[in-house]
2 protein chains.
Amino acid sequence: MNLDICKFCSTRSSAAEQLGSDELDKLNYSCVKVSFSKGDIIFKQNALSSNIIYIREGLVNIHITGPKREQILKIAKGPTYLGIPTTLGDKINHYSATALTETEVCFIDINTFKEFIATNSDFAYEIIVDLCKNELYHFHCCVNQLQKQSPGRIAEALLFFANEIFENDKFILPLNRHEFGDLTGCSRENVSRTLTDFNKEGLIKIDGKKIEIIKVDSLEWISKNG
Amino acid sequence: MNLDICKFCSTRSSAAEQLGSDELDKLNYSCVKVSFSKGDIIFKQNALSSNIIYIREGLVNIHITGPKREQILKIAKGPTYLGIPTTLGDKINHYSATALTETEVCFIDINTFKEFIATNSDFAYEIIVDLCKNELYHFHCCVNQLQKQSPGRIAEALLFFANEIFENDKFILPLNRHEFGDLTGCSRENVSRTLTDFNKEGLIKIDGKKIEIIKVDSLEWISKNG
DNA sequence: TTCGAGATGTGATGTAAATCACAATTGTAT
DNA sequence: ATACAATTGTGATTTACATCACATCTCGAA
């Protein structure tokens with residue numbers, strides 16, 4: 001698999017041939033590639049950050065410490081950028097990022113990034129569209145969480161994993177029941193109960209973390225109207 | 001008051017002197033200024049859009065139709081841009097915008113906007129930071145709505161109006177109780193009750209829509225921990 | 001294998017807040 | 001002013017869901 005899709009990595013490698021080692025060091029510093037294992041913290045809420053994060057490959061849990069419990073804001077899936085608003089803005093991470101799978105990450109220096117934006121308007125456009133997706137997600141999230149009751153939110157989360165993350169009706173949930181509750185705004189117990197209900201009604205099949213969506217339409221209905 | 005702060009309006013007026021009337025028409029079309037009265041719909045959810053909206057002056061209610069009730073996502077305050085992700089993305093409005101006060105709006109043609117981004121990287125940067133603010137707001141919103149109970153959400157909304165919108169502890173709420181509930185995810189009755197509670201406890205003073213924040217600290221505490 | 005810790009399922013109970021119901025108040029047009 | 005509609009306040013009832021409590025299951029370490 002070719003993971004060398006980071007714009008800054010490619011820039012570096014093509015430019016490297018014509019550069020002396022001092023300049024090469026400087027450029028190396030502008031994009032550093034790091035691997036994370038499941039459970040590793042990529043960056044922490046409230047910490048200072050001067051890098052843009054490019055998730056090359058892997059699933060990442062984006063979460064914050066809420067007044068009562070940990071709140072999962074979203075599950076990010078590579079390839080995607082993280083921390084652009086933070087790093088362009090007040091430089092303080094407004095959320096934590098934790099690897100849910102083996103994850104390949106590029107840390108891109110802010111100045112390198114800014115230069116790239118300035119000389120490449122298509123890229124700026126691409127980023128804005130990417131941020132757009134986030135914005136839409138959050139609009140979704142807000143309505144979802146506010147108005148639907150728990151079965152609706154849980155159904156939506158299941159469809160989200162099937163459609164957006166795994167692109168498959170059969171998948172292994174990368175969260176435990178507690179974390180699934182942190183994502184959907186439910187208690188651990190409520191998640192359990194609702195999943196077994198869905199199971200009994202034949203909407204899904206569960207075997208621990210292995211989940212199979214059976215009746216997509218019914219789940220979609222619950223997600224929209226439940 | 002000088003309202004001519006729209007980048008595209010200024011471009012037009014300075015360029016206009018050297019242009020023939022055909023070219024002028026074309027440029028006029030690229031940025032159209034419109035006034036809205038209180039209650040007017042600026043654009044509607046699900047409608048097609050090929051314009052970026054620049055709110056020059058005024059308060060705008062950003063809302064969507066949820067499964068159960070209308071949901072207010074945020075109160076936008078000019079000067080600010082709206083619809084950038086929409087117009088760069090799938091061109092369908094993902095929310096409605098309704099004027100809460102007299103509002104001055106520029107409708108900017110997408111091509112004009114794109115050209116401007118391409119030739120002005122500072123501007124792209126500015127927009128990304130602006131979108132960033134939105135993203136942060138929504139993170140806030142999500143945790144807020146999910147984990148706090150209603151007094152906390154209502155306290156936060158009151159502080160939001162005082163600090164962000166009116167920059168004054170005394171203000172006239174631009175929403176009725178029902179709409180205030182749509183913003184905070186509460187029923188009309190719950191908003192009433194909570195506000196009278198706050199009033200009785202001396203945290204605020206209410207006279208219909210006139211609200212005065214008395215004990216900021218207490219409200220902040222409730223907003224954070226309530 | 002056995003053990004034990006963490007994860008999960010499930011019933012009983014408590015509670016925040018929606019809903020229902022109606023009264024009181026305010027605003028608005030005639 | 002009068003009438004009527006919309007908004008707001010407040011009590012009573014209902015309900016979704018959290019919390020509590022405890023049983024069961026899973027899985028890794030000894």
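Chain A is the first sequence line, chain B the second, and so forth, proteins listed ahead of strands; every chain is numbered from 1. These numbers come from a predicted model, not from an experiment.
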Spell out, as yes or no, whether a donor-acceptor pair under 3.5 Å connects the side chain of [X] to the backbone of [Y].
X	Y	result
A:D40	A:S37	yes
A:T101	A:L59	yes
B:T184	B:R153	no
B:S192	B:N190	no
B:K77	B:I165	yes
A:N176	A:H178	yes

Any N/O pairs under 3.5 Å between the protein and nucleotides 20-23 of chain C? List them or say none.
{"unit_1": "C:dC20", "atom_1": "N4", "unit_2": "B:E189", "atom_2": "OE2", "d": "3.1"}

Electrostatic pair [X]-[Y], nearest N-O below 4.0 angstrom:
X	Y	answer
A:E156	A:K148	yes
B:K215	B:E220	no
B:R188	B:E179	no

Atom-pair distance ([atom1] on [X]; [atom2] on [N]), nearest Å:
X	N	atom1	atom2	answer
B:Q149	D:dA16	CD	C1'	14 Å
B:K148	C:dA17	NZ	C1'	18 Å
B:D197	D:dG9	CG	P	12 Å
B:N199	D:dT10	CG	C1'	15 Å
B:K210	D:dT8	NZ	P	14 Å
A:D207	C:dA7	CG	C1'	14 Å
B:I206	D:dG9	CD1	C1'	10 Å

Which is true for A:S192 with a 4.0 Å heavy-atom rule: it touches a base, it touches only sugar-phosphate, or it touches nothing? base
Just call it for A:S187: base, sugar-phosphate, or nothing, with non-hydrogen atoms closer than 4.0 Å on any strand. base
If you compare every side-chain N and O of [X] against the phosphate oxygens of [N] (OP1, OP2), does one of them come in below 4.0 Å?
X	N	result
A:N190	D:dC17	no
A:S150	D:dC17	yes
B:K209	C:dT26	no

Can you label the angle between the B:F8 ring and the B:F123 ring as parallel, tilted or perpendicular, going by 30° and 60°? perpendicular
Parallel, tilted or perpendicular, judged at 30° and 60°: which one describes the rings of B:F171 and B:F166? parallel
Establish, from distance only, whether the side-chain atoms of B:T65 and B:Q45 form a donor-acceptor pair under 3.5 Å. yes
Bend across the helix from C:dT1-D:dA30 to C:dT30-D:dA1, to 10°, with axes taken over 5 pairs at each end? 40°
Contact list for DNA chain D against residues 170-186 of chain A - heavy-atom distance below 4.0 Å: A:G185, A:C186
